[in-house]
Amino acid sequence: MKNWKTVEIIRGLEGNHNMKILVTGANGYLGQGVVKHLLDCGHYVIAADFNVDYVDERAERIACDLFLITDNPYEYFKEPDVLLHLAWRDGFVHYSDAHINDIPKHYNFIKLFAESKVSKIVVMGSMHEIGFFEGSIKEDTPCNPTTPYGISKNALRELTAMFCKQKGKLFQWLRGYYIVSNSKYGSSIFSKISAAEFEGKTKFPFTMGLNQFDFIDYEDFCEQVVRATTQDEILGIINICTGRPERLADRVERFIKENGYKIKLKYGAFPDRPYDSKAVWGDSSKIEAIMNNKT
């Protein structure tokens with residue numbers, strides 16, 4: 001692998017927009033796509049995770065437990081310009097104890113980076129920080145999370161914002177919504193349907209699907225994350241979303257049709273989750289400004 005000084009010189013000739021970005025959780029469902037998009041845009045990526053088997057080989061890949069790197073992680077991870085912190089355990093298991101148990105680890109990791117020479121700290125958030133809410137979620141919508149997942153994400157957002165303010169770092173919190181992908185390895189409803197289809201199942205147990213959510217396709221999600229992360233004019237909380245609500249049943253039926261699946265939904269097999277809103281979506285004004293370069 002080329003050393004960084006060589007890469008820096010080569011990339012410097014291509015323009016000064018290229019950045020050196022540390023992506024944590026790079027081997028995960030979201031990390032794989034985000035790393036690929038960053039690389040496609042010409043950025044130098046340090047990709048860190050417990051293992052890096054599925055990370056794009058163009059990245060500089062580091063297999064480690066990043067929370068054990070307590071002696072100058074900024075230097076250990078090759079002095080990046082930006083920390084893009086995607087790492088999170090059990091993201092789809094909202095009542096997992098891991099969310100609460102891991103908060104001190106995230107706290108210490110981000111604190112160490114805030115005290116380093118890194119320019120910007122970007123962290124992946126979730127609309128579940130908000131709790132039960134109906135309507136358009138804006139950056140100043142009050143948060144009343146009701147699950148360990150939402151409570152932990154909300155706490156990390158407040159702590160990261162505090163560190164960045166104290167240490168003069170640029171801060172972005174990318175609030176994710178409902179991601180649509182046909183990967184059978186994820187834990188979303190769409191991944192579970194894909195897995196069931198590939199297993200040859202003909203029926204998929206489902207709710208009535210009446211709730212409306214903000215659904216964003218996986219590739220669009222990754223592009224929005226990259227575009228937001230690699231610009232510095234629009235900061236703070238940024239919704240990674242479409243800005244439009246759609247009934248769950250309609251989006252799932254469309255997903256089945258888009259992928260040519262034969263599986264059918266068994267409506268009413270499960271009740272709706274009590275903490276899910278009837279209709280909720282993100283205010284997309286900031287991400288639209290970024291995507292349209294209206295900064």
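Given the structure is predicted, the values throughout are model-derived calculations rather than measurements.
The main-chain N or O of P145 is never found under 3.5 Å from a side-chain atom of K153 such that the two would form a donor-acceptor pair. Judged by distance alone, the side chain of S284 and the main-chain N or O of I287 form no donor-acceptor pair under 3.5 Å. Put simply, the side chain of H94 never gets that close to the backbone of Y149: no donor and acceptor are under 3.5 Å apart. Under a 3.5 Å cut-off, the side chain of E199 and the backbone N or O of K201 do not form any donor-acceptor pair. With hydrogens and angles ignored, the 3.5 Å screen pairs no side-chain donor or acceptor of N239 with any backbone N or O of K286. Of the possible polar contacts, one joining the N292 side chain to the E288 backbone as a donor-acceptor pair under 3.5 Å is found. When atom types are taken as modelled, the side chain of E223 and the backbone of H37 share no donor-acceptor pair closer than 3.5 angstrom. A donor-acceptor contact shorter than 3.5 Å is absent between the side chain of Q224 and the backbone of I290. When atom types are taken as modelled, the side chain of K278 and the backbone of L210 share no donor-acceptor pair closer than 3.5 angstrom. Checked by atom type and distance alone, the side chain of D56 pairs as donor or acceptor with a backbone atom of R58 at under 3.5 Å.
Residues Y44 and E60 form a side-chain contact, since some pair of their non-hydrogen atoms from C-beta on lies under 4.5 Å apart. Two residues are said to be in side-chain contact when any heavy atoms from C-beta on lie closer than 4.5 Å; D283 and T141 fail this criterion. Residues W173 and E129 have side chains in contact (heavy-atom distance under 4.5 Å, counting atoms from C-beta outward). Looking at S126 and Y177, their side chains never come closer than 4.5 Å, going by heavy atoms from C-beta outward. Annotation: side chain of K264 is not in contact with side chain of T202 (no heavy-atom distance under 4.5 Å). The side-chain heavy atoms of T24 and F109, taken from C-beta on, include a pair separated by under 4.5 Å. The shortest side-chain heavy-atom distance between V180 and Y218 does not fall under the 4.5 Å cut-off. Side-chain atoms of Y261 and F198, non-hydrogen and from C-beta on, do get closer than 4.5 Å to each other.
No single ILVMFWY cluster, assembled from side-chain heavy atoms under 4.5 Å apart, contains both L174 and V280. When the side chains of ILVMFWY residues are joined at heavy-atom separations under 4.5 Å, either directly or via intervening members, F270 and I189 end up in two distinct hydrophobic clusters. Under the 4.5 Å side-chain heavy-atom criterion for Ile, Leu, Val, Met, Phe, Trp and Tyr, F67 and I121 are members of the same hydrophobic cluster. Connection of F255 to Y267 is established within a shared hydrophobic cluster, with ILVMFWY side chains joined at heavy-atom distances below 4.5 Å, either directly or through further cluster members. Put simply, L83 and Y74 are part of the same group of oily side chains (I, L, V, M, F, W, Y) that touch within less than 4.5 Å, one to the next.
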(Q) F77 vs I62, test: side-chain contact (heavy atoms from CB on, under 4.5 Å). Steps then yes/no. (A) CA-CA 8 Å; F77 290 111; I62 300 176; 3.9 Å; yes
Q: Apply side-chain contact (heavy atoms from CB on, under 4.5 Å) to W88 and S152, showing your working.
A: CA-CA 10 Å; W88 198 270; S152 299; 3.7 Å; yes
(Q) Assess the residue pair D81 and I21 against the criterion (side-chain contact (heavy atoms from CB on, under 4.5 Å)); give the C-alpha distance rounded to whole Å, side-chain angles, the decisive distance to 0.1 Å, and a yes or no. (A) CA-CA 6 Å; D81 302 311; I21 301 173; 5.9 Å; no
Q: Take N259 and I193, measure what side-chain contact (heavy atoms from CB on, under 4.5 Å) needs, and give me the verdict at the end.
A: CA-CA 11 Å; N259 287 279; I193 288 172; over 6 Å; no
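Taking the six-membered ring where the residue is Trp, F213 and Y178 present tilted rings, their angle falling between 30° and 60°.
Atom CH2 of W281 sits about 9.0 Å away from atom CD of E134, to the nearest 0.5 Å. A distance of 11.5 Å separates CD1 of I263 from CZ of F206, quoted to the nearest 0.5 Å. Considering CG of L159 and CD1 of I103, their distance stands at 7.0 Å, rounded to 0.5 Å. Of the inter-residue distances, the one linking L66 atom CG with L22 atom CG reads 8.0 Å to the nearest 0.5 angstrom. To the nearest 0.5 Å, atoms CD1 (I130) and CG (N154) are separated by 7.5 Å. N101 CG to D97 CG: the interatomic distance, rounded to the nearest 0.5 Å, is 5.5 Å.
Closest approach of M124 and F221 over heavy atoms only: CE-CZ, 3.6 Å. K120 and T230 get closest at one heavy-atom pair: NZ-N, 4.5 Å. When all heavy atoms of L170 and L235 are compared, the pair lying nearest together is CD2-CD1, 3.7 Å. Considering all non-hydrogen atoms of both residues, F190 and S181 come closest at CB-O, 3.4 Å. The shortest non-hydrogen separation linking A26 to V55 is O-CG2, 3.5 Å. Residues D90 and S96 approach most closely at OD2-OG, 2.6 Å, considering heavy atoms.
Comment: K36 engages D40 in a salt bridge, judged by a side-chain N to carboxylate O separation of less than 4.0 angstrom. One finds no salt bridge joining E75 and K117 here, because no Lys/Arg side-chain nitrogen approaches an Asp/Glu carboxylate oxygen to under 4.0 Å. Ion pairing between K257 and E253 fails under the 4.0 Å rule for side-chain N and carboxylate O. Salt-bridge formation is not detected for the pair R251/D214: no Lys NZ or Arg NE/NH1/NH2 atom is positioned less than 4.0 Å from an Asp or Glu carboxylate oxygen. Taking the charged nitrogens against the carboxylate oxygens, R61 and D49 have no contact shorter than 4.0 Å, which rules out a salt bridge.
For F163 and F113, the ring centers are positioned 6.0 Å apart or more.
Heavy-atom contacts from other residues, nucleotides or ligands closer than 6.0 Å to CG of D71 number 12 or fewer. Residue Y54 places its OH atom among 12 or fewer non-hydrogen atoms of other residues, nucleotides or ligands, all under 6.0 Å distant. When the shell of 6.0 Å around CZ of R254 is examined, it contains more than 12 heavy atoms from other residues, nucleotides or ligands.
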